[in-house]
Number of protein chains: 2
Amino acid sequence: MNYKESHNLILNNIARFIDLTELEKQKYISLLTEIKVEKKDFLLQAGEITKYEYFITKGCLKVYTLDDEGTPHISMFAIEDYWTGDLSSFMTKEPSRYYIKATEHSELLGISRTNYDILFQEIPKFERFYRILYQKSLISYIRRSNHGISLTAEERYIEFKKKYPQIVNRITQKDLAGYIGITPEFMSKIITKVNRM
Amino acid sequence: MNYKESHNLILNNIARFIDLTELEKQKYISLLTEIKVEKKDFLLQAGEITKYEYFITKGCLKVYTLDDEGTPHISMFAIEDYWTGDLSSFMTKEPSRYYIKATEHSELLGISRTNYDILFQEIPKFERFYRILYQKSLISYIRRSNHGISLTAEERYIEFKKKYPQIVNRITQKDLAGYIGITPEFMSKIITKVNRM
DNA sequence: GAAAAAAAATGAACTAGTTTAAGACTTTTA
DNA sequence: TAAAAGTCTTAAACTAGTTCATTTTTTTTC
């Protein structure tokens, strides 16, 4: 069968870990919601309960918290072919502490909590898909939390550039500072220094 | 059926997320290896390929990397009823960058990579178990990696004490410093200060 | 395409956390 | 149970990163 581009993208993403029959593909797609957001729009704001887990088919978003001083701390950037959301609020149905904001016009596919539960009942293979997906995310967050406490800001910047070359040019230096965990001023100094090397 | 204490502990841990039949329980247990380590023994050293994922039935261990200067950065402490290991090396079969060392006499149940794969074939329900286990770990590592860059060392210490009161009294201040991401000297100052408050 | 708003650069004064060193205390080992 | 090894404390000098303030550059908006 012929699917639209965004559906092809998500089906290919899933095909990395599990094989679905035509019927399963159609069933899966029927559980998704299409969402479009303009640059600067929020997909989620602190205090709200997350309705969806998201797959990005187009665009770029940032996931962040605000501390007591109102300084943003960016937890991830998500672009095409990435999954994002607030897994904690999605699972517990408690208010989120995160903001998710589009840094470009973005298009997403969302799965609601209800449909997420239905998915596992109807196509148990998805337990495997999410098992592998979470396992891979876990490995990279374990590494990130280690690097956050063991590397200098400069080392974290060099590592980010190496790991996410597609992202580094799409975001502002200010947002990158919020991800690295430093002030925009110090980020500016590091970039000047590293480019000089 | 009657199981030994360590097997009861692991079966109860699993029963949080999935129900197993008697037969499945016995099958599962047959896939585990019992491991005992003395204080200061290594379960894993950097450069080795991890053989097992571990469930701790008794004792306490630390998981850490060494940086270029030989300074340890502790990624987690694991006590009774916790899972640990190097998931990255376990999955990719590449050499680990981690050390796992017992800080007390410890007893563990290990599952080998071969048996881990068999487990999913024979009892597919375990995909669900690991999906939920990894999901929960992921949520806490996402939070940790955020706090690592957004909180001060003092705030991270207070948070650790609140979150893991059972662990804080079992480990040295030096190891706690390695987890918080600061020097033992500064850890000492923080503890003096916080206790004075 | 001009005006406004936001991002980036630069520099000086500051602070959280490091380094080095030395002495006191505690645990391990023979 | 004494000696050795490791841990904890304290303090002074230092450095990575912050804060605040100002100017320049880029992006957004009408």
Side-chain angles (χ1 to χ4, degrees), chain A residues 37-41 59-60 62 64 66-74 77 101-105 147-161 167-197, chain B residues 37-41 59-60 62 64 66-74 77 99 101-105 147-161 168-197:
Chain A
V37 280
E38 288 311 314
K39 184 168 178 173
K40 293 190 184 171
D41 281 353
C60 184
K62 56 183 176 186
Y64 62 97
L66 292 180
D67 67 20
D68 301 339
E69 281 81 44
T71 309
H73 298 283
I74 296 180
F77 298 104
K101 192 175 188 175
T103 65
E104 302 174 1
H105 165 88
H147 286 176
I149 61 164
S150 68
L151 300 184
T152 63
E154 185 177 321
E155 290 167 326
R156 278 177 273 150
Y157 166 61
I158 291 169
E159 176 135 325
F160 182 83
K161 250 179 48 167
I167 296 182
V168 86
N169 306 307
R170 277 170 87 168
I171 58 175
T172 62
Q173 237 170 264
K174 198 185 170 209
D175 280 344
L176 182 52
Y179 179 89
I180 301 286
I182 55 175
T183 58
E185 291 88 343
F186 194 53
M187 187 78 256
S188 170
K189 277 176 202 171
I190 287 176
I191 289 175
T192 309
K193 187 188 164 200
V194 170
N195 290 343
R196 200 163 8 88
M197 294 196 310
Chain B
V37 281
E38 289 310 314
K39 185 167 176 171
K40 292 189 184 171
D41 281 354
C60 183
K62 56 183 176 187
Y64 61 98
L66 292 181
D67 66 20
D68 301 339
E69 281 82 44
T71 309
H73 299 283
I74 296 180
F77 298 104
Y99 297 82
K101 193 175 189 176
T103 64
E104 303 174 1
H105 166 88
H147 286 177
I149 61 164
S150 68
L151 301 184
T152 62
E154 185 176 321
E155 290 167 326
R156 278 177 272 150
Y157 166 62
I158 291 169
E159 175 135 324
F160 182 83
K161 252 180 48 167
V168 85
N169 306 307
R170 278 170 86 167
I171 58 175
T172 62
Q173 237 169 266
K174 199 186 169 207
D175 280 344
L176 182 52
Y179 180 89
I180 301 286
I182 55 175
T183 59
E185 292 85 347
F186 194 52
M187 187 79 257
S188 171
K189 275 181 203 165
I190 287 176
I191 290 175
T192 309
K193 187 186 164 202
V194 171
N195 289 343
R196 200 162 10 87
M197 296 197 308

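Being a predicted model, the structure only gives us computed values, none of them experimental. For the numbers below, each heavy atom of this structure counts, side chains included, while hydrogens, waters and symmetry mates do not. Chain identifiers are assigned alphabetically (A, B, ...) following the order of the sequence lines, protein sequences preceding nucleic acid strands; residue numbering begins at 1 within each chain.
Under the side chain to side chain donor-acceptor pair (under 3.5 Å) rule, B:His105 has a single partner from B:Lys40, B:Lys39, B:Glu38, which is B:Glu38.
Comparing B:Thr152 and A:Ile171, the nucleotide of DNA chain C nearest to each residue sits closer to the 5' end for A:Ile171. Summary of the strand contacts: B:Ile191 and A:Thr183 both lie near DNA chain D, and taking for each the nucleotide with the nearest heavy atom, the more 5' one is attributed to B:Ile191. Map B:Ile182 and A:Asp175 each onto its nearest nucleotide of DNA chain C; the residue landing nearer the 5' end is A:Asp175.
A:Ile149 has its CD1 atom 11 Å from the P atom of C:dT18, to the nearest Å. Look at CZ on B:Phe186: it is 9 Å from C1' on C:dT18, rounded to the nearest Å. Protein atom CG of A:Leu151 is 17 Å distant from nucleotide atom P of C:dG17, rounded to whole Å. Taking atom CE on A:Met187 and atom C1' on C:dA8, their separation rounds to 12 Å, with Å as the unit. Nucleotide C:dT18 holds its C1' atom 16 Å from the CD1 atom of B:Ile180, rounded to whole Å. Between the NZ atom of A:Lys62 and the C1' atom of C:dA7 there is a distance of 12 Å, rounded to whole Å.
Close approach of DNA chain D to chain A, defined as any atom under 4.0 Å from a non-hydrogen atom of the protein, starts and stops at D:dG17 to D:dT29.
Looking at residues two or more places apart in sequence or on another chain, you find a side-chain contact (heavy atoms from CB on, under 4.5 Å) between A:Ile149 and B:Arg144, B:Arg156. Among residues two or more places apart in sequence or in another chain, the salt bridge (Lys or Arg N to Asp or Glu O under 4.0 Å) test is passed with B:Glu159 by none. The side-chain contact (heavy atoms from CB on, under 4.5 Å) test applied to A:Lys189 returns A:Phe186, not counting sequence neighbours. Residues satisfying the side-chain contact (heavy atoms from CB on, under 4.5 Å) test with B:Lys62, not counting sequence neighbours, are B:Tyr64, B:Ile74, B:Phe77, B:Lys101, B:Thr103, B:Asp175. Taking the side-chain hydrogen bond (donor to acceptor under 3.5 Å, both in side chains) definition, one finds that B:Gln173 meets it with nothing, sequence neighbours left out. By the side-chain contact (heavy atoms from CB on, under 4.5 Å) test, A:Glu155 is found to be paired with A:Leu151, A:Thr152, residues two or more places apart in sequence or in another chain being considered. Residues that satisfy the side-chain hydrogen bond (donor to acceptor under 3.5 Å, both in side chains) test with A:Glu69, not counting sequence neighbours, are absent from this structure. With sequence neighbours left out, the side-chain hydrogen bond (donor to acceptor under 3.5 Å, both in side chains) criterion links A:Asp41 to no other residue.
At the heavy-atom level, A:Ser188 lies under 4.0 Å from base atoms of the strands shown.
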Checklist entry - Which nucleotides of nucleotides 25-30 of chain C have their base under 4.0 Å from a protein heavy atom (B), which only their sugar-phosphate (S), and which neither (-), written as one string 5' to 3'? => result ---SS-
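Between the side chain of B:Arg170 and the main chain of B:Gly59, a donor-acceptor pair closer than 3.5 Å is present. In this structure, the side chain of B:Thr192 engages the main chain of B:Ser188 through a donor-acceptor pair within 3.5 Å.
Helix-axis bend for the helix from C:dG1-D:dC30 to C:dA30-D:dT1: the local axis fitted to the five terminal pairs at one end deviates from that at the other end by 70°, rounded to 10°.
Distance from the side chain of A:Glu185 is smallest to C:dG11 among C:dG11, C:dT18, C:dA8.
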